[in-house]
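Everything numeric here is computed off the predicted structure, so don't read it as measured data. Chain identifiers are assigned alphabetically (A, B, ...) following the order of the sequence lines, protein sequences preceding nucleic acid strands; residue numbering begins at 1 within each chain.
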Amino acid sequence: MSNIAIQADKLTKRFDDFTAVDAITFDVRQGEIFGFVGANGAGKTTAMRILCGLSIPTSGTATVAGFDVYKDAEKIKKNIGYMSQKFSLYEDLTVMENITFYAGIYGLSNQEIKDRGAELLTRLGIEHEAKTFVASLPLGWKQKLAFSVAVIHRPKIVFLDEPTGGVDPVTRRQFWDLIYEAADRGITVFVTTHYMDEAEYCNRVSVMVDGRIDAFDTPANLKKKFSVESMNEVFYQLARGAKRKAD
Amino acid sequence: MRTLRFLLQKEFRQILRSRSLLISIILGPVIQLTLLPLAANFEVKKIAVAVVDHDHSTYSNKLIAKIYASKYFSGGTYHSSYEAANKMIEQNKADIILEIPQGFERNLVREGHEEVYVAVNAINGTKAGVGSGYLGAIVADFNQDVRLQWNQPGHFSEAPTIDVVNANWYNPFMSYFLFMVPGLIVSLLTGIGAFSASLNIVKEKEIGTIEQINVTPIKKHHFILGKLIPYWVLSMFVFTIGMLVSRFAYGIVPVGNIGLLYGFLSAYLITLLGAGLLISTYSDTQQQAVSLAFFFVLVFNMISGVFTSIDSMPDWGKALSYLSPMSHFAAVMRMVVLKGSTFHDIQPHFIAIIILGIVFNTWAVLNYRKTT
């Protein structure tokens, strides 16, 4: 297999007369951390939902882990992990019960569930919270747990939709440590964010404005191209021309 | 199958932890079943008669005493004029006026014929109809007594009469509970099943976990089965509680085979829960799901035959009733509990419920989309 994890060509999604995603073309290499940056309402989540097999595109082509998004959505789902904006663990189940459930429906064996569950708890340093209800965990812990559960089946690619929304800077930093660890294990990370300091952590970044990809390169190259000091300024220069209102 | 096991484990954990759900599912039916049959009672009792006796004779007193001796009439009042009695009706204190004319006794004895006047408050149609019927029967009985007294047997030939004798099959003592309690069990079970099933998937939509489920390689029918089976088990349990209450609180022992009831119930629940899940797949919020479920449960109840007779419905009502799963279960419940019907007798209902079940569940699986 080639070293391309995700390939999108003129990918478009229209809702009635509104074009949420407008002919975007990009590729993500295996093992890289790919930042998908854009203002609220720029079309990041819609694009990500297409790649996860949750939404069928209107036109264009895309392959994820070598599978076509039109024909093989269910095969894609076996190979990816996903962490949505909305918190996706069951609050009325305990930490270990959530792990067991998600690992179980991805088809892990009982032994694997036990081993990887213990490993996960150790990595997060919450061995003593295995029997705690998720509802009573602090938000930062919940986010880290949700991420770890999303990669428990060791997918080829993990999609993270604004994973650090609403958490403090220290927790965000810890969260990014988890992302780096996952990338070290060979998992391709596709992450949307509108925190520009997070964009700096990525190997490559694409900036979406009004459904289009207006810039696509490494953070260093982008800064050079726009002759600015930070990704924040790159983003500001691109996004200030946006016509679409944030929703 | 392994996937299903994990889904079921999760659902059962969530259900058993939801205290409010358990209370409404288990304690609710017990309370409703012990109280409701006493209230949801169509038997007409306590009919208040306003008597206007212009005769004040032995015979008029006999007639009045005979009326009050009946268990259906009570709270009677005496008035000197029809107008006074009419006031009672207007104030809703009386249901029926019985006016006995002056010379009642004299005419009855001399002429062998007299008329009494009965006026009925027909706002409550059932009570009016049944009440005047009872009163008519009592007067007819009184007639018979008078005749026997004055026409000595053998003195001269009586007009031949045909006496009609009734036998009440399947419910010989016309016990209201025997008829109503099985119906109420059906009604309660339908409400609980439809509501809990329709709220289920939509709850995951609201909290956002459905997104996470949809991105897994889980099969749609596994997901639907994982939602259906726990409520199927729970409803079986509720039904058992209902049958125990009806056995020990009302002494109702099914005449027919209880296994047959459970057999039909199994199919009925798959159909009902499938309909609930179908509602859930169409709704985006729990509020929408509740409104839809409420609408259907109400219609199911109205046309089920539990509270009114399907035979007296217009043709479209009968057709609608045939399409409602609850009607079939209500019919089977009464057939088996009261008549002791066998599998052969309930076969048409079985076929109908299976067809409806296949339709609702297939529809629900098809309408549940992992992809938009």
- Note on the structure: So, the part of B/Leu7 with a heavy atom under 4.5 Å from chain A: the answer is both
- Item | Interface moiety of A/Asn110 toward chain B, non-hydrogen atoms closer than 4.5 Å | both
- Crowded around A/Lys75 NZ? As in, over 12 foreign heavy atoms under 6.0 Å? no
- Note on the structure: Residue from B/Thr3, B/Ile210, B/Thr209 scoring the most non-hydrogen pairs under 4.5 Å with chain A is B/Thr209
- Apply side chain to side chain contact (heavy atoms under 4.5 Å, CB included) to B/Val215 and A/Met83, showing your working. CA-CA 9 Å; B/Val215 86; A/Met83 182 181 164; over 6 Å; no
- Message: Is it true that, when you exclude B/Phe237 itself, more than 12 heavy atoms of the residues, nucleotides or ligands shown sit nearer than 6.0 Å to its CZ?
- Response: no
- Report, as yes or no, whether the 6.0 Å neighbourhood of atom CZ on B/Phe295 holds more than 12 heavy atoms from other residues, nucleotides or ligands. no
- Above 12 or not: heavy atoms from other molecules or residues under 6.0 Å from CZ of B/Phe294? no
- Cut-off 4.5 Å, heavy atoms of chain B, and the answer for A/Leu89 is backbone
- Item | Smallest separation among heavy atoms of A/Ile105 and B/Phe6, with atom names | CG2-CB, 4.2 Å
- Nearest 0.5 Å, what's the NZ-CD1 distance between A/Lys78 and B/Ile218? 12.0 Å
- Flag if over 12 foreign heavy atoms under 6.0 Å of CH2, B/Trp363: no
- Note on the structure: Nearest heavy-atom contact between A/Ser84 and B/Glu211 is CB-CG, 4.2 Å
- Query: If you measure from CZ on B/Arg17 to OH on A/Tyr90, what distance do you get to the nearest 0.5 Å?
  - Reply: 13.5 Å
- Message: Tell me whether the count of non-hydrogen atoms from other residues, nucleotides or ligands lying under 6.0 Å of CD in B/Gln287 goes above 12.
- Response: no
Compile the donor-acceptor pairs under 3.5 Å between side chains in residues 142-155 of chain A and protein atoms, sequence neighbours left out, one pair per line.
unit_1	atom_1	unit_2	atom_2	d
A/Lys142	NZ	A/Glu91	OE2	3.1
A/Gln143	NE2	A/Pro163	O	2.9
A/Lys144	NZ	A/Gln174	OE1	2.7
A/Ser148	OG	A/Lys144	O	2.9
A/His153	NE2	A/Ile80	O	2.8

- Give the member of A/Gly107, A/Cys52, A/Gly81, A/Ser88 that has the highest number of heavy-atom pairs under 4.5 Å with chain B. A/Ser88
- Task: Let me know if A/Leu108 has heavy atoms under 4.5 Å from chain B in its side chain, its backbone, both or neither.
- Result: backbone
- Task: Taking all heavy atoms of B/Thr216 and all of A/Lys77, pick out the closest pair and write down the distance.
- Result: O-CD, 3.6 Å
- Task: Step through the shown structure and confirm whether more than 12 heavy atoms of other residues, nucleotides or ligands are within 6.0 Å of CZ on B/Phe296.
- Result: no
- Message: Using a 4.5 angstrom heavy-atom cutoff, name the option from B/His222, B/Glu204, B/Arg5 with the most pairs to chain A.
- Response: B/Glu204
- Heavy-atom donor-acceptor pair, B/Arg13 side chain to A/Asp92 backbone, under 3.5 Å: no
- Message: Quick check against the 3.5 Å criterion: does B/Gln212 have a side-chain atom that pairs as donor or acceptor with the backbone of A/Tyr82?
- Response: yes
- Greater than 12 external heavy atoms within 6.0 Å of B/Lys220's NZ: yes
- Item | Proximal component of A/Phe15, with respect to chain B [non-hydrogen, under 4.5 Å] | neither
- Query: Considering only heavy atoms, which portion of B/Gln9 lies under 4.5 Å from any heavy atom of chain A: side chain, backbone, both, or neither?
  - Reply: side chain
- Item | Under 4.5 Å from any heavy atom of chain B - which part of A/Phe159 | neither
